[in-house]
Amino acid sequence: MTDPVFFNRQEPLTLERIAVLTGAIVADKANAFREMSGVAPLEAAGPADMTYFDTRRLADALAATRAGACFISERDVLLAPPSTAVLVTTSPDRAYATLTGYFYPESLRPSPIEQAGGVAASAHVADTARLEESVSVEPGAVIGPRAEVGRGSRIGPGSVVGPGVRIGRDTTICANATVVCALIGDRVVIHPGSRIGQDGFGYVPGQTGHTKIPQVGRVIIQDDVEIGANTTIDRGSNRDTVIGEGTKIDNLVQIGHNVSIGRHCLIAGQVGISGSVTIGDFVMLGGNAGIRDHVTIGHGAKVAAAAAVHTNIPKGETWGGYPALPVEKWYSQMRTLQRLVRRASAQGSTVTGEGTSDGQ
């Protein structure tokens, strides 16, 4: 449920304007001027709310909804109740997200803790740092020597921007994040508590102790990247750690040194990526997946949640399991294992039953 204390809502829109905004089509033109003032899920939506339907698993919820209108695919139109106007689209969830962003634009980027703007009195900005116009530095933030921060960017309270770091324009560094040894692009969002550019984990083992490998590379984060809370991205040891344009990283992700991640990847929470991994464009990694060092994951590949990847994954393939395999092979192995377990269980029951009979 949205709360006006946290997010201000824009003015209502007619279905006709919503259709223009989202690329959907109003199925019944008689409803074109019906107004919607908010968005809500199927079970919570009221007559002035827009909702969406994108899976038939929720058919019962759709039938019972009180929503004023619903984004829906053409094949599912007849499932909607008569009281709910229908906007037909090939991607109901994308249309719903677009409309939600219109109604609540402040939700698209983290809001400042203080609205004053400028450099707070309790912030510290080194004399040799360079800030372009309209930069906001909130209370307790520190910007080190020779650092550069581009126009319209915001450094959140308690955050640290290290010496020589360069941050592009309209970028947001949220509360208590640290950024060192890094080049950050435009329109990047780094959520609270993230750690960017610290030492990678590199040691040469030895019987008398372990020799530390100096980590002298950088972290390069390209434009339009979003990094979740408490995610850690280590700087490279002998080359850069790179996060490609448009990639979105969830909370609590660990990215090791020398990793190269392509453009527009999606990485879910608790993923661990070991050093020197190469990931292509548009790759998706499910939550809690682990990637061993020096592995390459090809363009458009998908890795299922909790998978353990030990070998290279070709482009476009979906892998899962422990150790990870092509998903068809993984499913086949799981089905075989289930059959063996059922067979062993049945045989065990027979033996137990015979033993009981003999005992009597």
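The figures that follow rest on heavy atoms only: side chains count, while hydrogens, waters and symmetry mates do not. This is a predicted model, so every value here is computed, not measured.
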> Is the number of heavy atoms from other residues, nucleotides or ligands within 6.0 Å of CG (D60) greater than 12?
Replying inline: no
>> Would the distance check show the side chain of T231 and the main-chain N or O of L252 forming a donor-acceptor pair, the cut-off being under 3.5 Å?
In response: yes
>> Tell me whether the count of non-hydrogen atoms from other residues, nucleotides or ligands lying under 6.0 Å of NZ in K315 goes above 12.
In response: no
> Given the rule in the side chain to side chain contact (heavy atoms under 4.5 Å, CB included) test, do V188 and T172 qualify, once you have shown the distances and angles that lead to the verdict?
Replying inline: CA-CA 6 Å; V188 171; T172 301; over 6 Å; no
> Which heavy atom of E35 sits nearest a heavy atom of P12, and at what distance?
Replying inline: OE1-CB, 4.0 Å
>> Test your reading of the model: is there a side-chain donor-acceptor pair from R263 to the backbone of F282, 3.5 Å cut-off?
In response: no
> For the residue pair F7 and Y104, does the interplanar ring angle fall in the parallel (under 30°), tilted (30 to 60°) or perpendicular (over 60°) class?
Replying inline: perpendicular
>> Quick check against the 3.5 Å criterion: does D223 have a side-chain atom that pairs as donor or acceptor with the backbone of G185?
In response: no
>> Atom CZ of residue position R56 - does it have more than 12 heavy atoms of other residues, nucleotides or ligands inside 6.0 Å?
In response: yes
> Please walk me through it: do Q254 and Q270 pass side chain to side chain contact (heavy atoms under 4.5 Å, CB included)?
Replying inline: CA-CA 7 Å; Q254 159 64 16; Q270 297 188 333; over 6 Å; no
> Can you name the closest pair of heavy atoms from A80 and V86 and give their distance?
Replying inline: CB-CG2, 3.7 Å
>> Between N312 and T296 (side chain of the first, backbone of the second, donor and acceptor by atom type, cut-off under 3.5 Å), is there such a pair?
In response: yes
>> Looking at every heavy atom in both A45 and A40, which two are closest together, and how far apart are they?
In response: CA-CB, 3.6 Å
>> I'd like to know if the side chain of R34 and the backbone of G68 have a donor-acceptor N/O pair within less than 3.5 Å.
In response: yes
> Is there a path of hydrophobic side-chain contacts, each under 4.5 Å between heavy atoms of I, L, V, M, F, W or Y residues, that connects F71 with L42?
Replying inline: no
> Hey, mind stepping through R235 and D240 against salt bridge (Lys or Arg N to Asp or Glu O under 4.0 Å) and telling me if it holds?
Replying inline: CA-CA 7 Å; R235 70 175 180 264; D240 294 330; over 6 Å; no
>> Please determine whether salt bridge (Lys or Arg N to Asp or Glu O under 4.0 Å) holds for the pair D170 and R151, giving the CA-CA distance in whole Å, both sets of side-chain angles, and the decisive distance to 0.1 Å.
In response: CA-CA 6 Å; D170 298 313; R151 184 184 65 238; 5.5 Å; no
>> Do M50 and L15 have side chains that approach each other closer than 4.5 Å (heavy atoms only, starting at C-beta)?
In response: yes
>> Do R94 and T89 make a side-chain contact, defined as non-hydrogen atoms from C-beta onward lying under 4.5 Å apart?
In response: no
>> Let's go through T51 and V39 carefully: what are the C-alpha distance in whole Å and the side-chain angles of both, what is the deciding distance for side chain to side chain contact (heavy atoms under 4.5 Å, CB included) to 0.1 Å, and is it a yes or a no?
In response: CA-CA 6 Å; T51 190; V39 290; over 6 Å; no
>> What verdict does the side chain to side chain contact (heavy atoms under 4.5 Å, CB included) test give for V283 and L266, after you've listed the backbone C-alpha separation in whole Å, the side-chain angles of each residue and the deciding distance to 0.1 Å?
In response: CA-CA 6 Å; V283 168; L266 293 174; over 6 Å; no
> So how far is it from Q215 CD to R218 CZ, rounded to the nearest 0.5 Å?
Replying inline: 15.0 Å
>> Can a donor-acceptor pair be found, under 3.5 Å and without considering hydrogens, that links the side chain of S159 to the backbone of A141?
In response: no
> How about Y96 and Y52: are their ring centres within less than 6.0 Å of each other?
Replying inline: yes
> Between P157 and I113, which heavy-atom pair has the shortest distance, and what is it?
Replying inline: CG-CG1, 3.6 Å
> side chain to side chain donor-acceptor pair (under 3.5 Å) between W330 and E328: does it pass, once the steps are laid out?
Replying inline: CA-CA 5 Å; W330 176 41; E328 298 83 2; over 6 Å; no
>> With a 3.5 Å distance limit and no angle check, can you tell me whether D49 reaches the backbone of G46 through a side-chain donor-acceptor pair?
In response: yes
> Could you state the interatomic distance from CD1 (I190) to CD1 (I167), rounded to the nearest 0.5 Å?
Replying inline: 7.0 Å
>> How long is the straight-line distance from CG of D234 back to OG1 of T232, given to the nearest 0.5 Å?
In response: 6.0 Å
> Taking side chain as C-beta onward, heavy atoms only, is P314 less than 4.5 Å from W319?
Replying inline: yes
> Which value, rounded to the nearest 0.5 Å, describes the distance between D127 atom CG and R146 atom CZ?
Replying inline: 12.5 Å
> CZ/R154 to CZ/R109 distance, rounded to the nearest 0.5 angstrom?
Replying inline: 8.5 Å
> Just wondering, more than 12 heavy atoms not from L340 lying within 6.0 Å of its CG?
Replying inline: yes
> Considering all heavy atoms of both residues, which atom of L87 and which atom of A24 are nearest to each other, and what is their separation?
Replying inline: CB-CB, 4.0 Å
> Side-chain contact, heavy-atom cut-off 4.5 Å: T14 with I18?
Replying inline: no
> V179, V135: one ILVMFWY side-chain cluster at the under-4.5 Å cut-off?
Replying inline: yes
> With a 4.5 Å limit on heavy-atom distance, are the side chains of Y102 and Q10 in contact?
Replying inline: yes
>> Applying the side-chain hydrogen bond (donor to acceptor under 3.5 Å, both in side chains) criterion to E226, which one of K248, H191, R187 satisfies it?
In response: H191
> Are M284 and V303 close enough that some pair of their side-chain heavy atoms sits under 4.5 Å apart?
Replying inline: no
>> Between I279 and C265, is there a side-chain heavy-atom distance shorter than 4.5 Å?
In response: yes
> Transitively linked via ILVMFWY side-chain contacts under 4.5 Å: V160 with I173?
Replying inline: no
> Taking a hydrophobic cluster as the set of Ile, Leu, Val, Met, Phe, Trp and Tyr residues connected by side-chain heavy atoms closer than 4.5 Å, whether directly or through intermediates, do L99 and V20 fall within one such cluster?
Replying inline: no
> For the side chain of T318 and the backbone of V327, is there at least one donor-acceptor N/O pair under 3.5 Å apart?
Replying inline: no
>> To the nearest 0.5 Å, what is the distance between CD1 on I249 and CG on L285?
In response: 9.5 Å
> For L62 and C70, which heavy atoms make the closest approach, and how far apart are they?
Replying inline: CD1-SG, 4.1 Å
> Donor-acceptor pair, S274 side chain versus I291 backbone, under 3.5 Å?
Replying inline: yes
> Is the side chain of T241 donor-acceptor paired with the backbone N or O of V219 at a distance under 3.5 Å, no angle test?
Replying inline: no
> If two hydrophobic side chains count as joined below 4.5 Å and joins carry through other members, does V242 share a cluster with I233?
Replying inline: no
> Could you walk me through whether S237 and N258 pass the side chain to side chain donor-acceptor pair (under 3.5 Å) check?
Replying inline: CA-CA 6 Å; S237 58; N258 302 339; 2.9 Å; yes
>> Among R339, Q338, Q333, exactly one meets side-chain hydrogen bond (donor to acceptor under 3.5 Å, both in side chains) together with T336. Which residue is that?
In response: R339
> Given side chains that start at C-beta, do those of V189 and P110 come closer than 4.5 Å, heavy atoms only?
Replying inline: yes
